[in-house]
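Everything below concerns the one structure shown next.
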Amino acid sequence: MRGIETRIQYIRHQIFTEVARMAYQGEIPVSEQIEKLPYKIVPGDVANFRTDVFLERAIAGERYRLAMGLPCRGASEQAPISEGIEAADRPETYYTPPLINVIKFACNACPEKRVIVTEGCMGCLAHPCVEVCPKGAVHLDRKMGRSIIDQDKCVKCGRCATACSYNAIIIQERPCAAACGMDAIRSDEQGKADIDYDKCVSCGMCLVNCPFGAISDKSQIFQVIRGIQTGEKIYAAVAPAFVGQFGPKVTAGKLRAAFKQLGFADVIEVAIGADLCAVQEAEDFMDNVPENLPFMATSCCPAWAMMAKKAFPDYAHCVSMALTPMTLTARLIKHTRPGAKVVFIGPCAAKKLEAMDDSVRSEVDFVLTFEEMAGIFAARDIDLNQIEELPGGVNDSSTDGRAFAVAGGVAHAVVDVIKEKYPEKEMKIASAEGLKDCRRLMAMAKAGKYPGYLLEGMACPGGCVAGAGTIQPIQKSQSAVKSYAAKASHVTADQTEYVQELEHLVDQVEEKE
């Protein structure tokens with residue numbers, strides 16, 4: 001639902017903005033402020049969005065807790081919203097699992113899956129729905145003048161829906177479950193949505209597809225602001241998908257000016273790390289495929305890489321060992337700017353999970369989404385459209401590196417590097433968007449359908465521009481990223497001078513490790 005200003009988007013923006021304002025109002029104790037916030041977002045005696053004002057405030061309270069990075073609680077837990085607030089009121093507080101949470105008393109307990117007849121049924125003479133049902137679950141009620149489905153007999157095959165000439169039979173599936181490519185959404189004893197964290201890869205697709213806003217992820221908005229306030233040199237590493245996210249007129253220069261106004265030391269585009277990632281994956285592919293590996297999967301999308309390792313453990317070694325653009329950029333910042341801290345700002349919920357890994361945590365201190373960042377800008381009344389350009393920064397990236405954010409961009413960048421360095425090599429690639437299709441791609445690779453191929457997987461349909469933390473319509477964002485990428489001074493990743501420096505820096509770091 002990105003690009004549509006629904007009530008859910010409105011509420012989330014309010015929550016993120018108020019948490020940021022709370023961080024800036026340091027003179028008032030946080031425990032005192034957070035108890036008042038549900039009344040600020042739900043004033044008066046009448047609920048804004050639900051039937052019960054008390055329920056709405058309780059849900060808002062849990063949203064605030066998650067936005068502070070605190071654990072989500074159940075309806076039966078009687079405690080102040082500020083319970084455990086001391087843990088969040090420290091800049092060094094890091095994400096703790098689980099990242100994606102179901103606020104149980106906000107969940108509508110939607111049916112997992114059902115086939116139903118709508119008012120569009122004409123009670124036709126042919127009634128093919130009756131004829132095609134393999135279980136005899138459909139019959140025509142002449143008094144009602146429409147078909148009826150016996151839900152106890154129905155096996156949800158959908159053949160009746162396909163056969164209906166009027167499209168009067170529909171298949172309903174719980175939206176969060178339908179969006180989950182890992183089949184990690186199930187029902188608890190009350191019929192509420194429940195997440196199987198052994199399967200979940202934190203892609204966040206359930207979050208953006210729940211029409212009741214019952215699923216939310218944790219945030220580090222408060223901790224980032226606290227870090228800046230304590231005088232830390234915090235650098236914003238901005239993902240390639242940033243283009244157009246804060247408005248069509250918000251250029252890289254305007255964004256840099258806004259970050260500097262907030263107190264960030266500077267802004268670095270993660271497209272630089274994407275360039276190095278493309279070069280590393282190209283070398284990885286040439287060194288290992290097909291001699292050591294039957295195929296190689298890209299590594300930059302953490303949800304795709306985790307899916308491949310969880311669902312296909314025997315082929316985990318086929319995922320490239322190259323570090324992701326986020327990690328490479330953070331490593332560059334820290335080893336060229338002593339004492340620096342890094343906040344990755346991007347489109348992805350799964351990046352929060354990636355940053356929790358022990359090998360990444362020392363490089364990436366905070367992770368925020370574009371949606372969360374918009375809340376910080378709003379809290380400080382920063383008008384990104386009116387702010388004066390501040391050119392500069394380290395932005396010497398390639399067209400291919402900037403295009404990482406669009407589905408197909410990663411594989412294209414790797415292939416371009418290989419063509420430059422090894423023109424005699426004939427490359428074969430296969431790609432997938434969305435975890436369901438990604439799983440099919442890996443299953444086919446396992447079956448030997450893609451020998452010697454480079455496989456690109458993107459957990460979000462459309463690429464990073466469709467991540468759970470994005471704001472704008474996906475197609476609009478794809479066009480904006482491609483337009484910005486075309487303006488780069490280099491075409492392929494291996495042409496940038498910075499890549500050579502990065503390779504040297506990474507080699508030095510690996511020697512120390």
*asked:* So, using side-chain contact (heavy atoms from CB on, under 4.5 Å) as the criterion, who are the partners of A239 when residues are at least two apart?
replied: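 A239 satisfies side-chain contact (heavy atoms from CB on, under 4.5 Å) with F344, P347, F370 once adjacent residues are dropped.
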*Report the residues that fulfil side-chain contact (heavy atoms from CB on, under 4.5 Å) with A303, sequence neighbours left out, ordered by chain and then residue number.*
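Scan of A303 (side-chain contact (heavy atoms from CB on, under 4.5 Å), adjacent residues dropped) gives V201, C203, C301, A350, A459.
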*Decide, yes or no, whether a salt bridge links R12 with D217 under the criterion of side-chain N to carboxylate O below 4.0 Å.*
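Here R12 pairs with D217 in a salt bridge, since their nearest N and O are under 4.0 Å apart.
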*Near E131 CD, under 6.0 Å, is it more than 12 heavy atoms from other residues, nucleotides or ligands?*
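Check passes, neighbour count above 12.
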*Near K428 NZ, under 6.0 Å, is it more than 12 heavy atoms from other residues, nucleotides or ligands?*
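Yes, because the 6.0 Å sphere around NZ of K428 holds more than 12 heavy atoms from other groups.
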Taking the side chain as everything from C-beta on, heavy atoms only, tell me whether [X] gets closer than 4.5 Å to [Y].
| X | Y | answer |
| --- | --- | --- |
| I170 | Q172 | yes |
| M356 | L99 | yes |
| P240 | C464 | no |
| L255 | F377 | yes |
| T96 | K218 | yes |
| V270 | F242 | no |
| M68 | V30 | yes |
| R21 | Q33 | no |

Got a sec, which pairs hit salt bridge (Lys or Arg N to Asp or Glu O under 4.0 Å) with one end in [range], sequence neighbours left out?
| range | result |
| --- | --- |
| residues 457-481 | none |
| residues 103-113 | K104-D188, K104-D194 |
| residues 33-50 | E18-K40, E32-K36 |

Do you know the tightest heavy-atom contact between [X] and [Y]?
| X | Y | result |
| --- | --- | --- |
| I8 | P211 | CD1-O, 3.1 Å |
| I81 | G61 | CG2-O, 3.6 Å |
| S216 | L66 | CB-CD1, 3.8 Å |
| C129 | I169 | CB-CD1, 3.7 Å |
| I116 | Q151 | CG2-NE2, 4.2 Å |
| C160 | V115 | SG-CG1, 3.7 Å |

Say you draw a straight line from [atom1] of [X] to [atom2] of [Y]; how long is it, rounded to the nearest 0.5 Å?
| X | Y | atom1 | atom2 | result |
| --- | --- | --- | --- | --- |
| H139 | D150 | NE2 | CG | 8.0 Å |
| I471 | T369 | CD1 | OG1 | 7.5 Å |
| C180 | N209 | SG | CG | 10.5 Å |
| I100 | C200 | CD1 | SG | 6.0 Å |
| R174 | N108 | CZ | CG | 9.0 Å |
| E363 | M326 | CD | CE | 10.0 Å |

*Does the side chain of E281 pick up a donor-acceptor pair with the side chain of S299 at under 3.5 Å?*
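On atom types as modelled, these side chains qualify, holding a pair under 3.5 Å.
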*asked:* Ignoring hydrogens and geometry beyond distance, is a side-chain donor-acceptor pair present between Q245 and S477 at under 3.5 Å?
replied: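 Yes, S477 and Q245 have a side-chain donor paired with an acceptor closer than 3.5 Å.
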[X] side chain vs [Y] backbone, donor-acceptor pair below 3.5 Å:
| X | Y | answer |
| --- | --- | --- |
| T329 | G273 | yes |
| T118 | A168 | yes |
| E433 | G462 | yes |
| S362 | D358 | no |
| R63 | I11 | no |
| W304 | A432 | no |
| K341 | D365 | no |
| D284 | Q280 | no |

*So M306 and L353, side chain to side chain contact (heavy atoms under 4.5 Å, CB included) or not? Walk me through it.*
CA-CA 10 Å; M306 185 173 292; L353 187 66; 3.3 Å; yes
*Residue pairs involving residues 438-454 (criterion side chain to side chain donor-acceptor pair (under 3.5 Å); sequence neighbours excluded)*: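 Sorted result for residues 438-454: D183-R439, D437-R440.
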Could you list the residues that satisfy side-chain hydrogen bond (donor to acceptor under 3.5 Å, both in side chains) with [X], not counting sequence neighbours?
| X | answer |
| --- | --- |
| D141 | none |
| S165 | none |
| E86 | none |
| Q14 | Y10 |

*Which pairs count as ring pair (Phe, Tyr, Trp, His ring centres under 6.0 Å) when at least one residue sits in residues 167-221, sequence neighbours excluded?*
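Sorted result for residues 167-221: empty, none.
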*asked:* By the ring pair (Phe, Tyr, Trp, His ring centres under 6.0 Å) test, which pairs, at least two apart or in different chains, include something from residues 55-83?
replied: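 For residues 55-83, and leaving out neighbouring residues, there are no ring pair (Phe, Tyr, Trp, His ring centres under 6.0 Å) pairs at all.
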*Where does the angle between the aromatic ring planes of F295 and Y315 fall among parallel (under 30°), tilted (30 to 60°) and perpendicular (over 60°)?*
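The rings of F295 and Y315 lie parallel, inter-plane angle below 30°.
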*For I149 and R114, what are the C-alpha separation, side-chain angles and deciding distance, and is it a side chain to side chain contact (heavy atoms under 4.5 Å, CB included)?*
CA-CA 10 Å; I149 298 176; R114 62 180 177 177; over 6 Å; no
*Evaluate side chain to side chain contact (heavy atoms under 4.5 Å, CB included) for N101 paired with E62, printing each intermediate quantity in order.*
CA-CA 10 Å; N101 296 262; E62 293 311 300; over 6 Å; no
_Taking side chain to side chain contact (heavy atoms under 4.5 Å, CB included) as the criterion, tell me which of E372, E354, K351 meets it with V367._
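One option only clears the test, and that one is K351.
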*asked:* Run S219 and L368 through side chain to side chain contact (heavy atoms under 4.5 Å, CB included) and show every step you take.
replied: CA-CA 7 Å; S219 175; L368 295 177; 4.1 Å; yes
